[in-house]
Peer 1: 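Following this message is one structure expressed as structure tokens.
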Amino acid sequence: MRAFPPLLFSGLLLLGSLAEAADPAPPDFKKDVLPVFEEKCIRCHGAKRKGGKLDMRTLEAMLEGGDTGPALKPGNAKKSLLIELIHYKEMPPKKDASYVTPAELEMLRLWINSMPGKA
């Protein structure tokens, strides 16, 4: 059995720890995503109103989509209409709610990109 110098071994442990820290758990729909939607989207895309026939209360409803198709493409935030509309500040309308913050937008991108089905 080959012995590793202590410094090399310590470096390998550090690299392993950094890799774990760089790959955090993906955002959780109920804990992370839904609160943003409840604050900024569901007033117009929920139980009482479904603007564009889109309901944003569940992942299943967003995958089903509304008048313009699915709100998101699992595994591909760049091709998700939801991200595009938020990025260009088309949603939510300024008169209805505050815009999604850059940190919230990044969290939504991570959430969508962590879903299986990248195409």
Peer 1: Donor-acceptor pair, Asp55 side chain versus Ala61 backbone, under 3.5 Å?
Peer 2: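 Checked: no pair found.
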
Peer 1: Looking only at atom types and distance, does a side-chain atom of Ser98 sit under 3.5 Å from a main-chain N or O of Lys94, one as donor and one as acceptor?
Peer 2: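 No; zero donor-acceptor contacts below 3.5 Å.
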
Peer 1: Any side-chain heavy-atom pair from Pro70 and Leu81 closer than 4.5 angstrom?
Peer 2: no

Peer 1: Within a strict 4.5 Å, meaning less than it, do heavy atoms of the Phe37 and Arg43 side chains meet?
Peer 2: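 Answer no - side chains too far apart.
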
Peer 1: Do other residues, nucleotides or ligands put more than 12 heavy atoms under 6.0 Å from Glu64 CD?
Peer 2: no

Peer 1: Do Leu82 and Met115 belong together in a cluster built from hydrophobic side chains that touch within less than 4.5 Å?
Peer 2: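 Leu82 and Met115: one cluster.
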
Peer 1: Would you say Leu105 and Ile83 make side-chain contact, with heavy atoms under 4.5 Å?
Peer 2: yes

Peer 1: Same cluster or not: Leu110 versus Val100, using hydrophobic residues (I, L, V, M, F, W, Y) connected whenever any side-chain heavy atoms lie under 4.5 Å apart?
Peer 2: no

Peer 1: Do Met107 and Ile112 belong to the same hydrophobic cluster, where Ile, Leu, Val, Met, Phe, Trp and Tyr are linked whenever their side-chain heavy atoms lie under 4.5 Å apart, directly or via other members?
Peer 2: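 The answer is yes; both residues are in one hydrophobic cluster.
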
Peer 1: Does His45 reach the main-chain N or O of Met56 with its side chain, forming a donor-acceptor pair under 3.5 Å?
Peer 2: no

Peer 1: Give a yes or no answer on whether the side chain of Lys40 reaches the backbone of Tyr99 with a donor-acceptor pair at less than 3.5 Å.
Peer 2: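 Between the backbone of Tyr99 and the side chain of Lys40 there is a qualifying donor-acceptor contact (under 3.5 Å).
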
Peer 1: Less than 4.0 Å between a side-chain N and a carboxylate O, is that true for Lys30 and Asp28?
Peer 2: no

Peer 1: Between Ser80 (side chain) and Lys73 (backbone), is there a donor-acceptor pair under 3.5 Å?
Peer 2: yes

Peer 1: Judged by atom type as modelled, is there a donor-acceptor pair below 3.5 Å linking the side chain of Thr101 to the main-chain atoms of Glu104?
Peer 2: yes

Peer 1: Side-chain heavy atoms under 4.5 angstrom apart, residues restricted to Ile, Leu, Val, Met, Phe, Trp, Tyr: same cluster for Val33 and Leu54?
Peer 2: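 Yes; tracing contacts between hydrophobic side chains, which count when under 4.5 Å, links both residues.
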
